[in-house]
*Asks:* 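Supplied in structure tokens, the structure appears directly below.
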Amino acid sequence: MKFCLNVCMVFLIILISSPESLKGQNPDCEPSITSQTNDGDSMLYYGDWVRKHKVVSDDKSKYKLFVIRYTNRPAAFVYVDFTESLDGTDAYEKALGLYLNQSALNSSTLKIKVGDKTLSFRPESCNHSTTKVMGSVAAYSIKFLALINQEEVAALQSDHIQNFALSIGGKQYETNFRKPNDITKNLLKAFQCVSLEGIDPSPSGSASAEAELDLNPVEPANYSKMLLGTWTTIQKFDDGTSTNVRVTYTNGNMSYSYAGKEYAKGTWKIVDDRLVYSLKAGKQTFNGAMKITVFLNDMAIFEEKGEESTITRLK
């Protein structure tokens with residue numbers, strides 16, 4: 001199903017200055033970057049460079065890693081700001097076909113090894129933009145955003161990062177740190193500024209990036225029971241873009257959320273082989289019925305008006 005873009009995209013960022021900061025282990029800390037959503041919530045970024053572009057290297061990528069806190073909601077996020085130079089528009093078109101298309105980007109993953117733990121994340125959103133010089137594409141940028149829970153933030157605060165591995169639509173980028181250096185020290189210092197207070201202590205769903213799905217089929221009589229819970233799906237917008245969102249089904253009620261904030265809610269019921277819904281997003285109401293073409297314990301596929309959508313259960 002599609003929602004109007006201006007209703008759903010609550011993650012619009014407008015840079016501002018001099019915010020009220022959340023205090024972490026070091027009360028003198030200030031966020032690396034501060035921004036504001038279009039609903040007035042402040043976002044505090046804590047992080048620094050993981051890799052800067054080296055002129056002598058064939059790898060033309062550079063990227064920063066942040067933990068983001070909100071001032072008015074419990075959600076916290078891990079965020080990667082990634083840029084790679086390209087040799088013109090032809091190279092970009094090739095990359096677009098291979099790994100920069102939205103379908104590939106939604107399958108991106110991030111793994112961070114710190115101490116004896118490897119933290120794994122799937123994106124809430126992963127989108128790209130381009131930089132042009134003289135009309136030709138000179139670089140592309142990736143914004144990777146994933147939920148992070150209290151335990152995962154605490155792990156980043158406990159030790160130096162040893163490995164950073166980002167898969168962008170299947171293309172791998174990796175940086176290893178054999179021993180602490182200025183980069184890992186700066187990151188650790190920034191992460192220790194993040195307040196753990198108010199962060200959801202429960203598994204974020206990101207940590208289950210490597211979890212195996214139970215693909216045993218569900219009997220039609222059990223559709224209503226097995227649909228209960230929280231799932232991730234790709235939300236398509238009316239401008240052709242898409243991003244990962246969460247949909248939660250309770251007894252007769254459902255809601256969609258993005259970046260930790262609910263943006264649509266309504267009711268649902270199973271009628272024969274269809275999921276009948278009525279949703280309200282802002283001032284708009286959406287009514288419809290999706291045919292259930294596949295229903296497995298941890299995955300289901302719906303079809304509506306010739307378009308398929310897949311939901312995957314969050315562990």
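Just so it is clear, the model here is predicted, and its values are computed rather than measured. FYI, the numbering just counts along the sequence from 1.
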*Asks:* Any heavy-atom pair between the side chains of Ser61 and Phe82 that's under 4.5 Å?
*Replies:*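 Phe82 vs Ser61: side chains touch.
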*Asks:* Is any side-chain heavy atom of Met226 closer than 4.5 Å to a side-chain heavy atom of Phe295?
*Replies:*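 The answer is yes, as the side chains (C-beta and beyond) meet within the 4.5 Å cut-off.
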*Asks:* To the nearest 0.5 Å, how far apart are CZ in Phe144 and CZ in Arg122?
*Replies:*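 Between atom CZ of Phe144 and atom CZ of Arg122 there are 10.5 Å.
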*Asks:* Listing request: all salt bridge (charged side-chain N to carboxylate O under 4.0 Å, His left out) pairs with a residue in residues 84-102, at least two apart in sequence or in separate chains.
*Replies:*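 Residue pairs passing salt bridge (charged side-chain N to carboxylate O under 4.0 Å, His left out), neighbours aside: Lys60-Asp87, Glu84-Lys171.
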*Asks:* If you look at every heavy atom in Met254 and Val247, which pair is closest and at what distance?
*Replies:*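 Closest approach of Met254 to Val247: CE-CG2, 4.2 Å.
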*Asks:* May I have the step-by-step check of side-chain hydrogen bond (donor to acceptor under 3.5 Å, both in side chains) for Thr312 and Thr232, ending in yes or no?
*Replies:* CA-CA 5 Å; Thr312 303; Thr232 182; over 6 Å; no
*Asks:* Name the residue from Phe177, Tyr63, Phe121, Tyr173 that meets the ring pair (Phe, Tyr, Trp, His ring centres under 6.0 Å) definition with Phe164.
*Replies:*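 Running ring pair (Phe, Tyr, Trp, His ring centres under 6.0 Å) over Phe177, Tyr63, Phe121, Tyr173 with Phe164 returns exactly one hit, Tyr63.
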*Asks:* In Å, rounded to the nearest 0.5 Å, how long is the span from OG of Ser108 to CD1 of Ile168?
*Replies:*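 So the OG of Ser108 and the CD1 of Ile168 are separated by 6.5 Å.
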*Asks:* Regarding Lys117 and Glu152, does a basic nitrogen lie under 4.0 Å from an acidic carboxylate oxygen?
*Replies:*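 The answer is no: the pair does not qualify as a salt bridge.
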*Asks:* Do the side chain of Gln192 and the main chain of Gln157 share a donor and acceptor less than 3.5 angstrom apart?
*Replies:*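 Looks like yes, one N/O pair under 3.5 Å.
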*Asks:* Would you say that Leu98 contacts Leu96 through its side chain, given a criterion of any heavy-atom pair below 4.5 Å between the two side chains?
*Replies:*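 Heavy-atom side-chain distance check fails, nothing below 4.5 Å.
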*Asks:* Do Tyr263 and Val245 have side chains that get closer than 4.5 Å, going by heavy atoms?
*Replies:*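 Yes. Closest side-chain heavy atoms under 4.5 Å.
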*Asks:* Please name all residues satisfying side-chain hydrogen bond (donor to acceptor under 3.5 Å, both in side chains) with Thr310, sequence neighbours left out, ordered by chain then number.
*Replies:*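 Per chain and number, Thr310 pairs via side-chain hydrogen bond (donor to acceptor under 3.5 Å, both in side chains) with no residue.
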*Asks:* Under the 3.5 angstrom rule, does the side chain of Ser32 hit a backbone N or O of Gly47 as a donor-acceptor pair?
*Replies:*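 Pair found, side chain donor or acceptor close to backbone of Gly47.
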*Asks:* Rounded to the nearest 0.5 Å, how far apart are CD1 of Ile311 and OG of Ser309?
*Replies:*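 With rounding to 0.5 Å, CD1 (Ile311) is 7.5 Å from OG (Ser309).
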*Asks:* Taking Asn222 for the side chain and Val218 for the main chain, is one N or O donor matched with an acceptor at less than 3.5 Å?
*Replies:*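 Side chain of Asn222 to backbone of Val218, a donor-acceptor pair under 3.5 Å: no, none is there.
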*Asks:* Testing Phe286, Tyr256, Tyr223, Tyr249 for ring pair (Phe, Tyr, Trp, His ring centres under 6.0 Å) with Trp268, which one passes?
*Replies:*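 Single pass found, and it is Tyr249.
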*Asks:* Picking from Thr71, Thr34, Ile68, what satisfies side-chain contact (heavy atoms from CB on, under 4.5 Å) with Met43?
*Replies:*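 Single side-chain contact (heavy atoms from CB on, under 4.5 Å) partner of Met43 among Thr71, Thr34, Ile68: Ile68.
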*Asks:* Could you walk me through whether Asn163 and Glu174 pass the side-chain hydrogen bond (donor to acceptor under 3.5 Å, both in side chains) check?
*Replies:* CA-CA 7 Å; Asn163 177 267; Glu174 187 170 6; 2.7 Å; yes
*Asks:* Atom CD1 of Ile161 and atom CG of Leu187: how far apart are they, to the nearest 0.5 Å?
*Replies:*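 Reported to 0.5 Å precision, the distance equals 5.0 Å.
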*Asks:* Can you name the salt bridge (charged side-chain N to carboxylate O under 4.0 Å, His left out) partners of Asp48, sequence neighbours left out?
*Replies:*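 Partners of Asp48 by the salt bridge (charged side-chain N to carboxylate O under 4.0 Å, His left out) criterion come out as none, since no residue qualifies.
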*Asks:* For Lys265, give me all partners under side-chain hydrogen bond (donor to acceptor under 3.5 Å, both in side chains), at least two apart in sequence or on another chain.
*Replies:*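 With neighbours one apart ignored, the set is empty.
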*Asks:* Nearest 0.5 Å, please: how far is CD in Gln172 from NZ in Lys111?
*Replies:*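 CD of Gln172 is found 8.5 Å from NZ of Lys111.
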*Asks:* Would you mind reporting whether Leu86 and Thr130 have side-chain heavy atoms less than 4.5 Å apart?
*Replies:*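 Side chain of Thr130 against side chain of Leu86, heavy atoms only: no contact under 4.5 Å found.
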*Asks:* Do you know which two heavy atoms are closest between Ile112 and Val78, and how far apart they sit?
*Replies:*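 Ile112 and Val78 have their closest heavy atoms at CD1-CG2, 4.4 Å.
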*Asks:* Going from CD on Glu303 to CD on Glu307, what distance comes out if it is rounded to the nearest 0.5 angstrom?
*Replies:*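 Between atom CD of Glu303 and atom CD of Glu307 there are 9.0 Å.
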*Asks:* May I ask you to test the Trp231-Leu314 pair for a side-chain heavy-atom distance under 4.5 Å?
*Replies:*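 Result no, sub-4.5 Å side-chain heavy-atom pair not found.
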*Asks:* Where is the tightest heavy-atom contact between Cys193 and Tyr46, given as atom of each residue plus distance?
*Replies:*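 In terms of heavy atoms, the two residues are closest at CB-CD2, 3.6 Å.
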*Asks:* Given a cutoff of under 4.5 Å between side-chain heavy atoms of I, L, V, M, F, W and Y, with clusters grown through shared members, what are the other residues clustered with Met134?
*Replies:*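 Its cluster partners, ordered by chain and number, are Val133.
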*Asks:* Do Val80 and Phe66 have side chains that get closer than 4.5 Å, going by heavy atoms?
*Replies:*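 No, their side chains stay 4.5 Å or more apart.
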*Asks:* Can you list everything that forms a side-chain hydrogen bond (donor to acceptor under 3.5 Å, both in side chains) with Asn287? Sequence neighbours excluded, please.
*Replies:*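 Asn287 satisfies side-chain hydrogen bond (donor to acceptor under 3.5 Å, both in side chains) with Ser278 only.
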*Asks:* Quick check: do Leu156 and Val67 have side-chain heavy atoms less than 4.5 Å from each other?
*Replies:*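 They are in side-chain contact.
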*Asks:* Of the non-hydrogen atoms in Cys126 and Ile142, which two are nearest, and what is the gap between them?
*Replies:*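 Minimum heavy-atom contact is SG-CG2, 3.8 Å.
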*Asks:* Please name the pair of heavy atoms, one in Gly169 and one in Ser107, separated by the smallest distance, quoted to 0.1 Å.
*Replies:*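 Smallest heavy-atom distance, with atoms named: CA-OG, 4.3 Å.
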